[in-house]
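Okay, so here's the structure we're looking at.
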Amino acid sequence: MATDSNKFQAIISHCKEYGFIFPSSEIYDGLQAVYDYGQMGSELKKNIKDYWWNSMTQFHDNIVGIDAAIFMHPTTWKASGHVDNFNDPMIDNKDSKKRYRVDHLIEGFAEDVRNAGDAAKADAVLASMDALLAKDDFAGLKQLIDDNKMKCAVSGTCNWTDVRQFNLMFSTEFGSVSGEGEDNKVYLRPETAQGIFVNFLNVQKTGRMKIPFGIAQIGKAFRNEIVARQFIFRMREFEQMEMQFFIRPGTQKEWYEYWKAERLKWHLSLGLPADKYRFHDHIKLAHYADAACDIEFEFPIGFKEVEGIHSRTDFDLKNHQEFSKKKQQYFDTEINQNYIPYVIETSIGLDRMFLLIMSNAYTEEDLSTPEKPDSRVVLKFPAKLAPIKMAVFPLTKKDGLPEIARGIMDDCKKSFRCFYEEKDAIGKRYRRMDAIGTPFCITVDHQTKEDNTVTVRHRDSMLQERIPIDAIKGMVLGAIA
RNA sequence: GCGGAAGUAGCUCACCUGGUAGAGCGACAGCUUCCCAAGCUGUAGGUAGCGGGUUCGAGUCCCGUCUUCCGCUCCA
């Protein structure tokens, strides 16, 4: 465990040192749980996105993509349940560390008082609470709790923190004039799913989609996490890759199982180790789900959720129909019936997938020989995800070798990301490429001038082979396909 | 949010009981070697996270604050 914790630290340092991830606005001390992707990180992230997007939209005839706005009509979040469920004032007991919703605590107290026979007092307390809640008077609520000596059920003490509002959703003012009250308030979306649901009919009709079909989306979401930590694992601003699959009611069990299997296959198709994956089935289900599981991966910090597969029933579309007064139904010509489709959701955290790829790739190798100690840090990315696919090195800076190397570079860089370097000893250049996970290094030497062959040095095995210049592009393209 | 630990150069760290900041690696320029890092020469880079206090003097002691990691808690 200690070594794993060290490994996590090492990965964080490595991400910083080689331009994968920086703390946001670091020169101002950073911003809690917000990170920037650097020159290498943004490439890796983009490659992960592309791989997911293509596997969804290109390889499935019945899945299409959209890109919805981050701002959505405020009613969206009422329909989804986010406003009601996640905007409550909370209070913590300092002894038991238990956190309560203030209204639950006070209602519980009132209930006890009523049971003890003092109905008048119970009503008075509840009336005060409602008045204070309506005014968002947190100090008053605290006073009410103190005055009535309300106790924590666990610790039995009255040692409370202040009343605080935990807003899961970030809000901002819409329009250029601020301060016009609640009417102007919009939220930054706390999940991307709703952008798909509100566009369900648009896509279904304009795309002439037939159930079952899916809508995929990659985009940012924002959650004001109370505790956000563990590097990029839990961030306040993060990116999701989601697919909502619309199905006939009653078929959700089979489609749920189908997507469970399908999504795990996707992970394994990247050559990731199956023994580091596991499913975690939810026992306690969210308000919208009738079945749910997580795909967990064994990070250096333990098994953690990377992706969720949820059977969301018709909860979202039904609520949007109710709130918008617009029918969210589909006419199924096979059975001649109108219905609100059921939904299976697959939702993977892009940043978590990034961390997964990074943790799995990060390897420290001891290359010592009896003659001298030696080691390297190598990122064993799947070739198709590597930020840079190929590096080209002239063995020396002279004798026309750089010109040949530049030629190879120019020929290949239209097809994939290449890197050119002529500084330092060849071994050092190899090691630098190891550190950013470049799968292939091409070295041009004097023999190249005679027979047009070069050395290919493979990242993981460190083995070398000679191939004709003509074969380079095909080899790399084959590996990243 | 509670508790613990930490913040000094890009990275890893040193500076013992307060006396004006140092190493290794890395980077950059050049030389040398030329198929797996650490050869030679030179260079750059830190108001010690930030703010305040104690002191003749603070990286070092005290307080606050920000950030990070660990444990607990939370995570629709």
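In what follows, chains are A, B, ... by sequence order, proteins preceding strands, each numbered from 1.
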Span that lies between the C1' atom of B:rA21 and that of B:rC63, in whole angstrom: 25 Å

Output, in order, the C-alpha distance, side-chain angles, deciding distance and verdict of side chain to side chain donor-acceptor pair (under 3.5 Å) for A:R312 and A:Q244. CA-CA 9 Å; A:R312 291 182 80 124; A:Q244 309 291 336; 4.8 Å; no

Check this one for me: any side-chain N or O of A:R234 less than 4.0 Å away from OP1 or OP2 of B:rC74? no

Distance, rounded to the nearest Å, where A:H14 contributes NE2 and B:rU12 contributes P: 12 Å

Pick the P atom in B:rC74 and in B:rC2, then give their distance to the nearest Å. 16 Å

Listed nucleotide nearest any side-chain atom of A:K423, set B:rG49, B:rC28, B:rC69: B:rC28

Is the Lys NZ or Arg CZ of A:K45 less than 6.0 Å from the centre of A:Y37's six-membered ring, within 45° of the axis? yes

Tell me whether A:R189 forms a cation-pi arrangement with A:F222, defined as NZ or CZ under 6.0 Å from the six-membered ring centre and within 45 degrees of its axis. no

A:Y187 and A:T172: CA distance, side-chain angles, deciding distance, side chain to side chain donor-acceptor pair (under 3.5 Å) verdict: CA-CA 6 Å; A:Y187 297 103; A:T172 186; over 6 Å; no

Let me know the distance between CZ of A:F233 and P of B:rC74, rounded to the nearest Å. 16 Å

Side-chain N or O of A:Q32 closer than 4.0 Å to phosphate OP1/OP2 of B:rU68: yes

Any side-chain donor near an acceptor of the partner, A:E242 and A:T192, under 3.5 Å: yes

Within 45° of the ring axis of A:F170 and under 6.0 Å from its six-membered ring centre, is that where the NZ or CZ of A:R223 lies? no

Take atom C1' in B:rG52 and the same atom in B:rC13, then report the distance between them in whole Å. 29 Å

Nearest-Å distance once atom P is located in both B:rA14 and B:rG49: 14 Å

For A:Q9 and B:rU67, give me the distance from atom CD to atom P, rounded to whole Å. 18 Å

Please measure how far the C1' atom in B:rU67 lies from the corresponding atom in B:rC28, and state the result in whole Å. 30 Å

Taking only the P atom of each, what is the distance from B:rC62 to B:rG7 in whole angstrom? 13 Å

Shortest side-chain distance from A:I301, nucleotide among B:rA29, B:rC11, B:rC70: B:rC70

Within this structure, what is the CZ-to-P distance between A:F303 and B:rC75, rounded to whole angstrom? 22 Å

If I take atom CD in residue A:E364 and atom P in nucleotide B:rU12, what distance separates them, rounded to the nearest angstrom? 12 Å

For A:K16 and B:rG26, what is the distance between atoms NZ and P respectively, to the nearest whole Å? 18 Å

Establish, from distance only, whether the side-chain atoms of A:Y420 and A:E422 form a donor-acceptor pair under 3.5 Å. yes

Could you tell me how far B:rC11 sits from B:rG46 if I compare only their C1' atoms? Round to whole Å. 14 Å

Salt bridge (charged side-chain N to carboxylate O under 4.0 Å, His left out) evaluation trace for A:E43 with A:K389: CA-CA 11 Å; A:E43 290 285 344; A:K389 310 301 185 193; over 6 Å; no

In A:E345, A:R263, A:M243, the residue satisfying side chain to side chain contact (heavy atoms under 4.5 Å, CB included) with A:I309 is A:R263

Passes side chain to side chain donor-acceptor pair (under 3.5 Å), A:E364 versus A:Y362? Steps please. CA-CA 7 Å; A:E364 291 173 5; A:Y362 184 89; 2.7 Å; yes

Nearest-Å distance once atom C1' is located in both B:rA9 and B:rG26: 10 Å

Name the stems with RNA chain B in them: runs of three or more consecutive Watson-Crick or G-U pairs, distances under 3.5 Å? B:1-7 with B:66-72, B:10-13 with B:22-25, B:27-31 with B:39-43, B:49-53 with B:61-65

Distance check needed: B:rC75 C1' versus A:M169 CE, whole Å only. 16 Å

Using a heavy-atom cut-off of under 4.0 Å over every strand shown, decide if A:F231 touches base, sugar-phosphate, or nothing. sugar-phosphate

Treat primed atoms plus P, OP1 and OP2 as sugar-phosphate and everything else as base, then score nucleotides 33-47 of chain B 5' to 3': B for base contact with protein heavy atoms under 4.0 Å, S for sugar-phosphate contact only, - for none. -BBBBB---------

Assign each of A:P190 and A:R432 to its nearest nucleotide of RNA chain B by heavy atoms, then name whichever residue's nucleotide is nearer the 5' end. A:R432

Between A:R223 and A:Q230, which is nearer to the 5' end of RNA chain B once each is assigned its nearest nucleotide? A:Q230

Value in whole Å for how far the C1' atom of B:rC70 lies from CZ of A:F299: 18 Å

Which part of the nucleic acid does A:A33 contact within heavy-atom distance under 4.0 Å: base, sugar-phosphate only, or nothing? sugar-phosphate

Member of A:K380, A:R429, A:R459, A:R457 meeting the side-chain hydrogen bond (donor to acceptor under 3.5 Å, both in side chains) criterion with A:D434: A:R457

